[in-house]
Protein chains: 2
Amino acid sequence: MAMKRRAPKLYEARAAIAKALAHPTRLLVLDALRQKDMCVCELTELVGADQSTVSKHLAILKNTGLVEARKEGAMTYYSLTCPCLDGFFQCIESVLQKNLKEFRALVGR
Amino acid sequence: MAMKRRAPKLYEARAAIAKALAHPTRLLVLDALRQKDMCVCELTELVGADQSTVSKHLAILKNTGLVEARKEGAMTYYSLTCPCLDGFFQCIESVLQKNLKEFRALVGR
DNA sequence: GCCAACCATGGCGATATGGGCATAAAAGCA
DNA sequence: TGCTTTTATGCCCATATCGCCATGGTTGGC
């Protein structure tokens, strides 16, 4: 990682957050959590992967500060910490839409 | 990649875009391009890495539809395609601020 | 035509990421 | 106390990512 000239640390910190957002399973989880808090077993059911895999994805989101965990008996409930995610999702979606439109134009509708 | 249950393709498409955003050098480049279009040699100078490295980062951004390339003589100028990036940057920054605040609170200001 | 500048791409090695299995810790229940 | 459920974590392997070097194609100037 070279980056000799401009505030490398800041861009690395930002990239760390973006990285946490850059996985389909984690996006699915975040999207689901927008509706309601969920425990690991619910999310595991939703995602359809191994429980350990889901648990690790949640750890990543938590370490980045995107979600927080709350223990309730044997279960751990996860919830979003950031309303700001809307801006992120909208941006992504808008790029997606733009690409789709260009693709359609290319194929000829 | 399991993801048995919910619109996996859509989340993968979204993740692909997020992935392109998840690297410090690419964030730096995108940020710089918000000010003005720049050619590869300018961006190489800015980033401080090998020209080939910068070129590959630009290819990634281009393939994702986040920037576009315009040839001008021997040079290739890159420019942003999405005003929507603001929403993304704001989201990232807000997470960063939140983390920082919590960190400060933890240390005791 | 020839050379220099600019850019893209293939190759390669080092490191990071992601997935499941196995396991251990903690809680609830009989 | 035993047994089950719920999570988290270590381990291992497969794959992806990233960086530089080397190279080749293009363009512009001489």
Side-chain angles (χ1 to χ4, degrees), chain A residues 1-5 8 11-30 32-33 37-64 66-79, chain B residues 1-5 8 11-30 32-33 37-64 66-79:
Chain A
M1 214 79 67
M3 186 95 50
K4 289 166 195 150
R5 304 180 187 270
Y11 284 101
E12 276 169 31
R14 288 171 177 163
I17 296 175
K19 237 190 238 184
L21 293 166
H23 191 286
T25 296
R26 294 196 286 269
L27 289 182
L28 172 59
V29 166
L30 289 172
L33 292 181
D37 299 1
M38 295 175 84
C39 65
V40 179
C41 60
E42 287 176 290
L43 290 168
T44 298
E45 167 70 11
L46 171 72
V47 168
D50 195 272
Q51 175 268 321
S52 69
T53 299
V54 175
S55 213
K56 283 177 195 171
H57 282 301
L58 289 167
I60 290 171
L61 293 175
K62 187 176 138 199
N63 289 335
T64 323
L66 289 165
V67 303
E68 60 186 12
R70 162 182 99 250
K71 291 219 68 167
E72 245 172 64
M75 294 173 296
T76 308
Y77 279 86
Y78 282 85
S79 56
Chain B
M1 212 79 66
M3 187 93 50
K4 289 170 196 147
R5 304 181 188 271
Y11 285 100
E12 277 168 29
R14 287 170 177 164
I17 297 174
K19 239 190 236 181
L21 294 165
H23 190 286
T25 296
R26 294 196 286 270
L27 289 182
L28 171 60
V29 166
L30 289 172
L33 291 181
D37 299 359
M38 296 176 83
C39 65
V40 180
C41 60
E42 286 176 293
L43 290 168
T44 298
E45 168 71 11
L46 171 71
V47 169
D50 195 273
Q51 174 268 320
S52 69
T53 300
V54 176
S55 214
K56 281 179 192 174
H57 282 302
L58 288 168
I60 290 171
L61 292 174
K62 189 176 137 200
N63 290 334
T64 323
L66 288 165
V67 304
E68 60 187 13
R70 162 183 98 250
K71 292 219 65 167
E72 245 174 64
M75 293 172 297
T76 308
Y77 279 86
Y78 282 85
S79 56

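What you are looking at is a predicted structure, and each value in this text was computed from that prediction instead of being measured. Each chain gets a letter, A, B and so on, in the order the sequences are listed, and its residues count up from 1.
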Rounding to a whole Å, what distance do you find between A:Glu72:CD and C:dG28:C1'? 14 Å
Dump the intermediate steps for side-chain contact (heavy atoms from CB on, under 4.5 Å) on A:Leu21 and A:Thr64, then the final yes or no. CA-CA 10 Å; A:Leu21 293 166; A:Thr64 323; over 6 Å; no
For A:Lys19, answer base if it contacts any base atom (sugar-phosphate contacts may also be present), sugar-phosphate if it contacts only those atoms, and nothing otherwise; contact means non-hydrogen atoms under 4.0 Å. sugar-phosphate
Heavy-atom donor-acceptor pair, A:Arg26 side chain to B:Ala15 backbone, under 3.5 Å: no
Looking for any heavy atom pair under 4.0 Å, which part of the strands does A:Thr53 touch: base, sugar-phosphate only, or nothing? base
Is the shortest distance from a Lys or Arg side-chain nitrogen in B:Arg70 or B:Glu68 to a carboxylate oxygen in the other one below 4.0 Å? no
Would you kindly give the CD1-to-P distance between B:Ile60 and C:dC7, to the nearest whole Å? 18 Å
Considering only heavy side-chain atoms of B:Met75, the closest of C:dC7, C:dG20, D:dT7 is C:dC7
So which nucleotide from C:dA27, C:dG20, C:dA8 ends up closest to the side chain of A:Ala74? C:dA27
Take the protein atom CZ of B:Arg70 and the nucleotide atom C1' of D:dT27, then report the distance between them rounded to whole Å. 17 Å
Quickly work out the A:Asn63 CG to D:dA8 C1' distance and round it to whole Å. 12 Å
From C-beta outward on B:Lys56, which listed nucleotide comes closest to its side chain: C:dG10, C:dG20, D:dT6? C:dG10
Closest nucleotide of DNA chain C for B:Cys39 versus for A:Gly73: which of these residues is on the 5' side? B:Cys39
Which heavy atom of A:Tyr78 sits nearest to which heavy atom of A:Ala69, and what is that distance? CE2-CB, 3.6 Å
Nearest of C:dG10, C:dA8, C:dG19 to any side-chain atom of B:Val40? C:dA8
For atom CG of A:Asp50 and atom P of C:dC21, their distance in whole Å: 6 Å
Nearest to the A:Ser55 side chain among D:dA8, D:dT6, C:dC21, which nucleotide is it? D:dA8
What's B:Ser52 touching, base or sugar-phosphate or nothing? Going by heavy atoms closer than 4.0 Å. base
Separation of atom CD in A:Glu12 from atom C1' in D:dG19, rounded to whole Å: 14 Å
What is the separation between atom CG on A:Leu58 and atom P on C:dG19, rounded to the nearest whole Å? 12 Å
At 4.0 Å (heavy atoms only), tell me whether B:Tyr78 reaches a base, stays on the sugar-phosphate, or touches nothing. sugar-phosphate
The reported gap from CG in A:Leu58 to OG1 in A:Thr25 (rounded to nearest 0.5 angstrom) is 10.0 Å
Select one nucleotide: of D:dC21, C:dA8, D:dG19, the one nearest the side-chain heavy atoms of B:Thr25. D:dG19
Using a heavy-atom cut-off of under 4.0 Å over every strand shown, decide if A:Lys71 touches base, sugar-phosphate, or nothing. nothing
Counting only side-chain N and O atoms of B:His57, is one of them less than 4.0 Å from OP1 or OP2 of D:dG19? yes
Given D:dC18, C:dA8, D:dT27, which nucleotide is nearest the side-chain atoms of B:His23? D:dC18
Which value, rounded to the nearest 0.5 Å, describes the distance between A:Thr44 atom OG1 and A:Met38 atom CE? 9.5 Å
Separation of atom CD in A:Gln51 from atom P in C:dG18, rounded to whole Å: 17 Å
